[in-house]
Enquirer: 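Please read through the structure below; I'll follow up with questions.
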Amino acid sequence: MTKTVLSIEGMACGMCEAHVNDAIRANFSVKKVSSSHKKGQTEVISEQPLDEAKLQEVIGKTGYNLTGVSSEPYEKKHLFHF
């Protein structure tokens with residue numbers, strides 16, 4: 001699994017976050033996506049790394065500006081560790 005953090009300029013409210021989240025869900029196979037207009041970030045959890053060129057295209061079509069992408073391996077945290 002991969003955690004991808006997108007830096008996005010132009011999000012100003014909850015509806016902006018929803019537009020970005022919906023666009024990502026419609027164009028990529030993701031487990032989870034959440035955006036924060038206050039942080040200017042979107043976090044995406046997916047099985048495979050996301051194509052940065054396609055991310056740029058998808059975010060651009062929403063009217064926002066993708067300014068950065070970082071990825072790291074993601075391991076789901078379990079509630080109980082024994």
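Here the structure is a predicted model, which is why all the values come from computation and not from measurement.
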Enquirer: Between E52 and Q56, is any pair of side-chain heavy atoms under 4.5 Å apart?
Expert: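 No - every pair of side-chain heavy atoms lies 4.5 Å or more apart.
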Enquirer: What residues, two or more places apart in sequence or in another chain, satisfy salt bridge (charged side-chain N to carboxylate O under 4.0 Å, His left out) together with E57?
Expert: K61
Enquirer: I'd like to check I8 versus T67 (side-chain heavy atoms, cut-off strictly below 4.5 Å). Are they in contact?
Expert: no
Enquirer: Counting N and O atoms only, with roles assigned by atom type, does the side chain of E17 sit under 3.5 Å from a partner on the main chain of H37, one being a donor and the other an acceptor?
Expert: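 It does hold such a pair.
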Enquirer: Report yes if some heavy atom in the side chain of V33 is under 4.5 Å from a heavy atom in the side chain of F28; otherwise report no.
Expert: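 With C-beta onward as the side chain, the pair stays apart.
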Enquirer: Is any side-chain heavy atom of E9 closer than 4.5 Å to one of Y64?
Expert: no
Enquirer: Given the rule that I, L, V, M, F, W and Y join up when any side-chain heavy atoms are under 4.5 Å apart, are Y74 and V69 in one cluster?
Expert: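 The answer is no; the residues belong to distinct hydrophobic clusters.
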Enquirer: List the steps and the verdict of side-chain contact (heavy atoms from CB on, under 4.5 Å) for V30 and I24.
Expert: CA-CA 8 Å; V30 299; I24 290 172; 4.1 Å; yes
Enquirer: Taking all atoms of both residues into account, what is the closest heavy-atom pair of G10 and C16, and its distance?
Expert: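 Smallest heavy-atom distance, with atoms named: O-SG, 4.4 Å.
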Enquirer: Please assess N65 against I59 for the test side-chain contact (heavy atoms from CB on, under 4.5 Å), listing each intermediate value before the final yes or no.
Expert: CA-CA 7 Å; N65 186 24; I59 299 302; over 6 Å; no
Enquirer: If every non-hydrogen atom of S34 is compared with every non-hydrogen atom of N21, which pair is closest and at what distance?
Expert: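 Residues S34 and N21, closest heavy atoms: C-OD1, 3.9 Å.
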Enquirer: Using distance only, find each side-chain donor-acceptor pair of residues 39-48 under 3.5 Å and give its atom names and separation, not counting sequence neighbours.
Expert:
from : atom 1 : to  : atom 2 : distance (Å)
T42  : OG1    : S35 : OG     : 2.7
S46  : OG     : Q48 : O      : 2.7
E47  : OE2    : K31 : NZ     : 3.4

Enquirer: Measure the spacing between NZ of K3 and CD of E75 and express it to the nearest 0.5 Å.
Expert: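 CD of E75 is found 13.0 Å from NZ of K3.
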Enquirer: Locate the shortest heavy-atom distance separating A23 from T62; write the atom from each residue and the value.
Expert: CB-CG2, 3.5 Å
